[in-house]
Every structure is written in structure tokens, then in C-alpha cells.
Asker: 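Here it is, the structure in full.
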Amino acid sequence: ETLDDAHKIMTKIDKFEQRHLSLPLEYRVIGDMMNRLKDSTGKERFILLQKLNRAVRLMECKEAYDPSNPANFGLIQHQQVDSPDDVIDNAGFDKEKQMIQGESLDDEDEEFNEDKEKDDMLIEKLNAIEKKIEEKLADLDHTFGKKGRVLEEEIKDLVEERNSLTDKKRRPMYRKGFDVKVIDVNRTCKVTKGGQIAKYTALLATGNYHGVVGFAKAKGPTAKIAIQRAYEKCFQNLHYMERYEEHTIAHAIQAKYEKTKIYLWPGQMRSGMCAAGRTVETVMYLAGFSNVKSKIIGSRSPLNVIKALFIALNAIETPKDVEQKFGRTVVESYLL
């Protein structure tokens, strides 16, 4: 009815457009560069073209692999964004291709749930049998004669039952695409009245080379059992590490765990992995990092090193984390 009312309504509309309909700052920069490209000539035009092409490629890559974008939920976009290496890395994802084409995967989901339940039941049985075997072995050190022979027969039966269960093929779907590496196997020996009791400790790391990595430590009477237990625990302790430009970390960082201090620096493309040890190199490769420099000061115990490394990787702040922390948009400096 009055000009003041019209002004209030227009300011509300402007605020709504700025909050919900405004373009990201990257697109505004690209638009400004396109406007400048119309009037530029010679060397300036060539430089602007190079910057514009790189900015467009970066935005395409960001949209294609943005986990917070609802359009990418549960999908892997098979398109050549930056280099043919992306196409090679995404090869073999038949289920994702079917999902992109719109085919239903309800039957496979049911099979996955059934396989997982069977696998969990099998793991519980194995753990119960292992506990019984350890108890029987502990009793065997203090029993002799007929009772000792009876215990030996019971232990043999339990071992045969355990072997029959472990011989079954158990390949759950949630482990597909993961690679497991043995970091360290340590042997400890306890001297008792009945003789020496040896125990083994295994440290394993797992990863899918695309940012998901984990580790686990387990003990057992033999090295094989310790590795098997650590293998089962690996997939219960997974972490997602954000990679900067899909090959390195976002910034330099240091972390400390007990007497171990670790330093990490980002590396340029094709600079390689300048790792401080085999443990760091293995974990970084499993996480999908290919260009990172590292240094360790203090204790080089594999368990201390791997815990300090995970503390450092979890503390890295990506540009997206900085945006959420300060409420501002982070833009590449060459675009300004």
C-alpha cells in the first residue's frame, strides 16, 4: 500500500535470494573472468583462458566428488574430469553403474544382510572356541596322567572344530575393494614352571586407496590366529581421510603420541612419497596419498607411529572445514 511496505518486502526478497539462490563465489569469479575475456587480447587473453579452463575443471571435479551434494549420494560419476587416471580408478564398479542406470538392487541388499549375519555368527563361534582352547591349554600345564590325556583329546576336538569353521569361505561384501597389509608381528615368551608359553601380537592396516583407512592390533597363541583376529578387527576401526586434490594433504601438520612425534608436509604432484619409515608409507598408500613427506622423532615403535599418524591425519583441516568453521568461502588464490 505504501512505499515503505514495498521496500520492506523487497529487502526480504533480496535476503532470501542471497541466502538460498546466490551462486558460490567460485562461479562469480568464473563469470568475471568470462566478462574480462571478451575485452582482452594477446598474452592477457591466453593467461585468462588457461585460468578459466583450470577453474572450470576444478569446479567439475568438486561437483562430481562432493560427498555433501545429495545428487552424488550412493553414486560414483563416471566421467573424465581431470585425467584418464580417474577413469582407470573407477573401473570395475558394476553395482554403481547399475545404480546410475536406475536398476534395483534390493535382492543384492538382502543377500548382503544375510551374508553379514552369517559371518557375524561365525566370528562369535570362533571367538568362543578360541577362549575354550586357551582355558584348556592353561589347565593342561598343571594336570598330568589320565586327566591330562583327556584334556589333550578335548583340545584336539576343539582345534578340529575351529579348523572346520575357518575353512569355510567367508567373503563378506563390506570387505570388497579393501587391501590389508601386515605392519608388525611381535612374539613374547613367558617362562613358567611347566615350560615356556609363547604369545604373538599382530598389527594390521587396511584401506581402499580412496581415503578410507583403519588399523587393528590383536593377540593369539600363534601368529596365524593373531593375524586372523586383527584382520577381523580392522574393519571395525575405519577412518575417512580427506585428500587434497586427490593426492596429498591440505597443509603441514605435526602430532605426538607418548614418545613419538611425527611431522607431515604436502608434496607436489609426482614428487612421490618421502616417508620416514615402512609403517608410515604403507598406511599413507592404503589411504590413497601419493605425494606426502614425513619425519619421525623419538620412538619408532610401529604401534606408537601408527597412532601418532592417525592423530595427525584426523587433525588436518580441509578448505571445506575452514568454510564451516569461520562461515566464509575459501577460493584458490590464483582466481583472485
Side-chain angles (χ1 to χ4, degrees), residues 24-27 29-30 50-97 99-100 176-181 205-215 238-253 262-275 280-294 309-310 312-324 329-335:
L25 189 58
E26 289 91 339
Y27 285 115
V29 173
I30 289 171
Q50 297 297 322
K51 287 185 176 181
L52 189 61
N53 288 335
R54 189 179 175 196
V56 170
R57 283 203 311 273
L58 279 172
M59 287 307 299
E60 285 180 355
C61 185
K62 188 177 178 182
E63 287 180 352
Y65 299 102
D66 185 10
S68 60
N69 187 2
N72 295 335
F73 183 72
L75 303 178
I76 294 177
Q77 298 188 5
H78 297 273
Q79 59 179 357
Q80 189 170 344
V81 176
D82 192 14
S83 65
D85 295 335
D86 299 328
V87 180
I88 294 168
D89 291 338
N90 293 330
F93 291 94
D94 298 326
K95 290 181 183 176
E96 285 79 358
K97 289 176 185 174
M99 291 170 72
I100 291 168
K176 191 174 182 181
F178 282 84
D179 195 5
V180 181
K181 301 284 186 185
T206 182
N208 65 347
Y209 301 102
H210 289 284
V212 180
V213 67
F215 74 98
L238 294 175
H239 301 257
Y240 178 71
M241 309 299 180
E242 193 74 36
R243 295 176 294 162
Y244 182 68
E245 294 184 354
E246 301 297 321
H247 72 94
T248 187
I249 57 178
H251 57 83
I253 194 166
I262 189 167
Y263 296 85
L264 299 176
W265 296 275
Q268 296 179 351
M269 184 68 82
R270 296 188 180 88
S271 64
M273 187 74 71
C274 183
V280 178
E281 187 176 1
T282 304
V283 174
M284 297 300 277
Y285 273 129
L286 286 170
F289 295 99
S290 54
N291 303 298
V292 178
K293 299 174 184 177
S294 61
L309 179 60
F310 270 77
L313 291 175
N314 285 318
I316 291 173
E317 289 186 336
T318 60
K320 190 174 290 183
D321 296 333
V322 176
E323 287 179 3
Q324 294 175 356
T329 305
V330 178
V331 183
E332 296 284 348
S333 58
Y334 69 87
L335 291 174

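All values derive from a computational prediction rather than experimental measurement.
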Asker: Scan Val212, Asp179, Leu238 and name whichever one has a side-chain contact (heavy atoms from CB on, under 4.5 Å) with Thr206.
Answerer: Leu238
Asker: Given Ile316 and Tyr244, is the side-chain contact (heavy atoms from CB on, under 4.5 Å) satisfied, shown in steps?
Answerer: CA-CA 10 Å; Ile316 291 173; Tyr244 182 68; over 6 Å; no
Asker: If you compare all heavy atoms of Arg270 against all heavy atoms of Asn291, which two are closest, and at what distance to 0.1 Å?
Answerer: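 Of all heavy-atom pairs spanning Arg270 and Asn291, the closest is N-OD1, 3.4 Å.
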Asker: Asn208: what forms a side-chain hydrogen bond (donor to acceptor under 3.5 Å, both in side chains) with it, not counting sequence neighbours?
Answerer: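 Asn208 satisfies side-chain hydrogen bond (donor to acceptor under 3.5 Å, both in side chains) with no other residue.
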Asker: Thr318: what forms a side-chain hydrogen bond (donor to acceptor under 3.5 Å, both in side chains) with it, not counting sequence neighbours?
Answerer: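 Residues passing side-chain hydrogen bond (donor to acceptor under 3.5 Å, both in side chains) with Thr318: Asp321.
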Asker: Please determine whether a side-chain nitrogen of the Lys or Arg among Glu323 and Lys320 lies less than 4.0 Å from a carboxylate oxygen of the Asp or Glu.
Answerer: no
Asker: Indicate the atoms forming the closest heavy-atom contact of Ile30 with Ala55, along with that distance.
Answerer: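 It is CG1-CB, 4.0 Å.
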Asker: Search all heavy atoms of Ile253 against all heavy atoms of Ala312 and return the closest pair with its distance.
Answerer: CD1-O, 3.5 Å
Asker: What are the two closest non-hydrogen atoms of His247 and Gln268, and how far apart are they?
Answerer: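 Heavy atoms only, the tightest pair is CE1-C, 4.1 Å.
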Asker: What distance separates Glu246 CD from His210 NE2, expressed to the nearest 0.5 Å?
Answerer: 9.0 Å
Asker: Is there a side-chain contact between Phe215 and Val283 (heavy atoms, below 4.5 Å)?
Answerer: no
Asker: Using the side chain to side chain contact (heavy atoms under 4.5 Å, CB included) criterion, which residues pair with Lys293? Sequence neighbours excluded.
Answerer: Trp265, Cys274
Asker: Rounded at 0.5 Å granularity, tell me how far CG in Leu313 sits from OH in Tyr240.
Answerer: 12.5 Å
Asker: If you compare all heavy atoms of Thr248 against all heavy atoms of Pro266, which two are closest, and at what distance to 0.1 Å?
Answerer: OG1-CA, 3.4 Å
Asker: Considering non-hydrogen atoms only, spot the tightest contact between Arg243 and Gly288 and give its length.
Answerer: NH1-O, 3.3 Å
Asker: Taking side chain to side chain contact (heavy atoms under 4.5 Å, CB included) as the test, write out the residues that go with Tyr285, two or more places apart.
Answerer: Met273, Glu281
Asker: I'd like to check the side chain to side chain contact (heavy atoms under 4.5 Å, CB included) partners of His239; sequence neighbours left out, ordered by chain and number.
Answerer: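 Partners of His239 under the side chain to side chain contact (heavy atoms under 4.5 Å, CB included) test: Asn237, Met241, Phe310, Asn314.
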Asker: List for me each residue that meets side chain to side chain contact (heavy atoms under 4.5 Å, CB included) alongside Ser294, sequence neighbours excluded, and say none if there are none.
Answerer: Leu264, Ala275, Ala276, Val280
